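A quick write-up on the structure given underneath.
These numbers come from a predicted model, not from an experiment.
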Amino acid sequence: MAMTLRLPEDIDRQLDELAKSSHVSKQALVIQTTEELLRRREAQRKIDRAVDDTFERYGDVVERLADA
């Protein structure tokens, strides 16, 4: 699938320099970075769900400890 990505000149230049120093194409660098962002976002969602579940189960205990 094709996609045109328009970047400001300064970001395009920095991306080009980073890609060259990493020995990958700009496309590969954009894909790698996007994959990492998606992994981090999914990890954060899992953490948020675990925290929500914990407070749902033990919220009253946490409140009692805070009041102690």
Would you list the atom pairs, donor with acceptor, under 3.5 Å between side chains in residues 27-34 and any protein atom, with sequence neighbours excluded?
unit_1	atom_1	unit_2	atom_2	d
Thr33	OG1	Leu29	O	2.8
Thr34	OG1	Val30	O	2.7

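- Scanning for side-chain contact (heavy atoms from CB on, under 4.5 Å) contacts around Arg40 gives Glu36, with sequence neighbours left out.
- When hydrophobic clusters are built by joining Ile, Leu, Val, Met, Phe, Trp and Tyr residues whose side-chain heavy atoms come closer than 4.5 Å, directly or via intermediates, Leu37 is not grouped with Met3.
- Identified under the salt bridge (Lys or Arg N to Asp or Glu O under 4.0 Å) test for residues 18-32, with sequence neighbours left out: Asp12-Lys26, Asp16-Lys20.
- Rounded to the nearest 0.5 Å, atoms CZ (Arg49) and CD (Gln44) are 11.0 Å apart.
- Residues forming a side chain to side chain donor-acceptor pair (under 3.5 Å) with Arg6 (at least two apart in sequence, or on another chain): none.
- No more than 12 heavy atoms of other residues, nucleotides or ligands sit less than 6.0 Å from atom CD of Glu9.
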Pair up each side-chain donor or acceptor in residues 53-68 with any protein partner under 3.5 Å, not counting sequence neighbours, and list the distances.
unit_1	atom_1	unit_2	atom_2	d
Thr54	OG1	Ala50	O	2.8

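- The backbone N or O of Ala19 sits nowhere less than 3.5 Å from a side-chain atom of Ser22 that would complete a donor-acceptor pair.
- Cluster note: Met1 groups with no other residue, as no ILVMFWY side-chain heavy atom lies under 4.5 Å from it.
- With respect to the salt-bridge test (charged N to carboxylate O, under 4.0 angstrom), the residues Glu42 and Arg39 do not qualify.
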